[in-house]
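What follows is a single structure, written as structure tokens, with notes after it.
Here is the naming used below: chain letters follow the sequence lines, and residue numbers restart at 1 for every chain. We use all heavy atoms of the structure for the numbers below, so side chains are in, but hydrogens, waters and symmetry mates are not.
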2 protein chains.
Amino acid sequence: MENENKKILLVEDDPNFGSILKDYLILNDFDVTLAKNGMEGFEKFKKDTFDLCILDVMMPYKDGYTLAKEIREKNKEVPIIFLTAKSMKDDVLKGYKVGADDYLNKPFDSEVLLMKIKAIIQRKSSEVKADATKFEFIIGNFHLNSKLRFLTYKDTEPIKLSPKENELLKMLAVYENDLMPRELALTKIWRDDNYFTSRSMDVYIAKLRKYLKMDDEVEILNIHGEGFRLVVKNKPPAPAAE
Amino acid sequence: MENENKKILLVEDDPNFGSILKDYLILNDFDVTLAKNGMEGFEKFKKDTFDLCILDVMMPYKDGYTLAKEIREKNKEVPIIFLTAKSMKDDVLKGYKVGADDYLNKPFDSEVLLMKIKAIIQRKSSEVKADATKFEFIIGNFHLNSKLRFLTYKDTEPIKLSPKENELLKMLAVYENDLMPRELALTKIWRDDNYFTSRSMDVYIAKLRKYLKMDDEVEILNIHGEGFRLVVKNKPPAPAAE
DNA sequence: TAACATATTAACCAAACATTAACAACAAAA
DNA sequence: TTTTGTTGTTAATGTTTGGTTAATATGTTA
């Protein structure tokens with residue numbers, strides 16, 4: 001089973017909910033460690049290596065955010081999912097700033113959680129390339145250097161990219177041929193997800209489309225309500241993911 | 001209490017342990033039938049319908065595995081939990097092969113058992129859609145990618161699906177060749193089950209039928225008053241997968 | 001054959017997206 | 001210190017998409 005040996009650190013103070021969720025994840029072939037508060041969570045985090053952390057936000061002794069911050073200090077990569085109470089919408093933002101990969105309102109659909117876990121783990125595993133170290137991308141006949149922020153088409157003069165253009169195109173490239181969720185780009189690049197940042201992002205998509213127009217094998221497609229997809233046609237067979 | 005009317009078949013040869021466990025489960029609002037060996041267990045199994053079976057592995061006359069196999073022949077769905085002696089780790093595998101949902105080493109923590117029971121029963125009740133996290137489906141000559149929301153017929157241009165079209169087709173695919181209850185789709189996808197959402201769903205069924213028309217091996221049938229059924233004729237010999 | 005369930009097409013409205021342009025903030029250059 | 005340029009946000013406007021409801025069949029069951 002594909003989830004096997006993926007280690008999850010689950011930090012949840014409600015013992016009932018915690019162990020049920022744990023069982024559910026175990027049934028789905030994850031290797032789960034349960035901690036019942038932030039203190040214990042951090043202890044367990046230090047003692048092992050996890051592929052994913054699921055943190056309840058409201059906990060005694062040490063809340064989810066604080067724990068997340070500590071975890072981040074130790075490890076900048078490990079994906080974090082927050083579980084928050086339905087009401088507190090603001091918390092979401094606060095969570096993202098700490099570098100959460102996702103959040104879920106309680107009560108939530110267990111399937112949704114599974115989906116998010118899968119998506120995150122899959123992404124992380126293919127994101128090695130996205131890791132700050134990588135800054136060169138081949139996009140069809142383009143070459144993107146995201147460190148020097150320019151985009152070159154074949155042998156023509158490089159196009160200078162603004163910081164936002166650059167980050168957005170880079171993120172699209174990381175998700176090449178796959179869905180780049182709108183929400184993700186907004187929270188990661190714009191650091192806020194609201195009506196206006198969303199309009200702003202549309203503007204940048206339009207700018208990028210203009211640049212990419214010269215190569216008709218490259219295209220940015222919209223998936224209504226979900227996000228965008230950078231498609232590159234005639235791409236070699238693809239490494240047959242998984 | 002939520003456990004009420006959940007029927008458990010408990011097969012355990014040790015009369016002391018058996019009746020204590022039985023009482024414990026009854027205290028937790030389960031409806032428990034106790035059998036003291038595999039023979040008796042199978043007799044009782046045939047006479048009633050259970051939501052869960054808890055089988056001791058080592059028993060005279062008919063051991064737990066043999067019983068489990070017989071039960072599986074009669075019923076492929078009912079969850080089975082094995083109780084095994086602490087030592088025999090190998091048994092675990094053997095148990096899973098019979099289709100056990102879980103196992104517990106004796107002696108075990110009664111609360112752990114309760115938790116497992118809960119988790120299993122909950123899972124079973126929502127497992128039909130077990131693969132809801134999957135997002136690629138083969139439907140006859142079609143290929144559905146429910147993450148990117150498109151449907152491809154052979155090598156033709158992909159058809160873009162709207163969120164509702166996509167979710168509905170996905171649910172049909174999960175229930176392939178089986179009944180997809182109308183009510184389920186309405187509550188899951190439309191989040192409401194009333195006259196209007198029901199009409200709306202009909203509209204979507206019509207849309208999907210139009211898409212699927214190009215392959216005459218694929219068809220959405222209605223089961224009057226019950227729901228719909230996505231039938232795929234001449235299903236290929238099965239990709240041997242799994 | 002009434003009552004009800006399903007089928008199909010079309011009309012409509014709201015939300016999401018696309019694109020260009022105006023503008024504000026700020027920095028670099030003259 | 002003006003001037004010029006770059007960057008990003010907001011506005012204005014138009015287009016597309018998605019979902020519900022309506023209108024009008026046809027089927028199914030008791």
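Listed pair A/K210 / C/dA18 fails the phosphate criterion, with no side-chain N or O lying under 4.0 Å from OP1 or OP2. In terms of phosphate contacts, B/R199 brings no side-chain nitrogen or oxygen within less than 4.0 Å of OP1 or OP2 of C/dT8. For D/dG19, neither phosphate oxygen OP1 nor OP2 lies less than 4.0 angstrom from any side-chain nitrogen or oxygen of B/S200. Between A/K160 and the phosphate of D/dT6, there is no side-chain N or O to OP1/OP2 separation shorter than 4.0 Å. At least one side-chain nitrogen or oxygen of A/W190 sits closer than 4.0 Å to the OP1 or OP2 atom of D/dT9. An OP1 or OP2 oxygen of D/dG8 is reached within less than 4.0 angstrom by no side-chain nitrogen or oxygen of A/K207. Residue B/T197 has no polar side-chain atom (N or O) positioned under 4.0 Å from OP1 or OP2 of D/dT20. Residue B/S162 has a polar side-chain atom (N or O) positioned under 4.0 Å from OP1 or OP2 of D/dG19. Residue B/R149 places at least one side-chain N or O closer than 4.0 Å to OP1 or OP2 of D/dG18.
Rounded to a whole Å, the CG atom of A/L168 is 15 Å from the C1' atom of C/dC17. In this structure, CG of B/L161 is placed 12 Å from C1' of D/dG18, rounded to the nearest angstrom. What separates CG of A/N222 from P of C/dA15 is a distance of 17 Å, to the nearest Å. Nucleotide C/dT6 holds its P atom 16 Å from the CZ atom of B/F196, rounded to whole Å. Rounded to an integer number of Å, the gap from B/E165 CD to D/dT20 C1' is 14 Å. Atom C1' of nucleotide C/dT8 and atom CG of B/L208 are separated by 14 Å, given to the nearest angstrom. Rounded to whole angstrom, the span from the CD1 atom of B/I189 across to the P atom of D/dG18 amounts to 16 Å. At whole-Å resolution of the value, CE in B/M201 and C1' in C/dT6 are 11 Å apart.
Closest contact between the side chain of B/D202 and the listed nucleotides C/dT8, D/dT10, C/dA18 involves C/dT8. The listed nucleotides are C/dT20, C/dA5, C/dT8; the one nearest the side chain of B/H224 is C/dA5. Listed nucleotides D/dT9, D/dT7, D/dT20 differ in distance to B/Y204; the shortest reach to its side chain belongs to D/dT20. Listed candidates were C/dT8, C/dA7, C/dC17. Nearest to the side chain of B/V203 is C/dT8. Looking at the side chain of A/A206, the nearest of the listed nucleotides C/dC17, C/dT6, C/dT19 is C/dT19.
Remark: side-chain polar atoms of A/S162 are paired, donor with acceptor, to backbone N or O of A/E165 under 3.5 angstrom. In this structure, B/N166 contributes its side chain and B/F150 its backbone to no donor-acceptor pair below 3.5 Å.
Each of B/R182 and A/Y195 has a nearest nucleotide on DNA chain C; the 5'-most of these lies closest to B/R182.
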Show, in sequence, the C-alpha distance, side-chain angles and deciding distance for A/N37 and A/D13, and conclude whether the side chain to side chain donor-acceptor pair (under 3.5 Å) test is met.
CA-CA 5 Å; A/N37 61 53; A/D13 64 312; over 6 Å; no

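Ring geometry for B/F142 versus B/Y153: interplanar angle of 30 to 60°, hence tilted.
Stacking of B/R209 on the aromatic ring of B/Y211 is not recorded, the 6.0 Å distance cut-off and the 45° axial limit not both being met.
Counting heavy-atom neighbours within 6.0 Å of A/E217 CD, excluding the residue itself, gives a total above 12.
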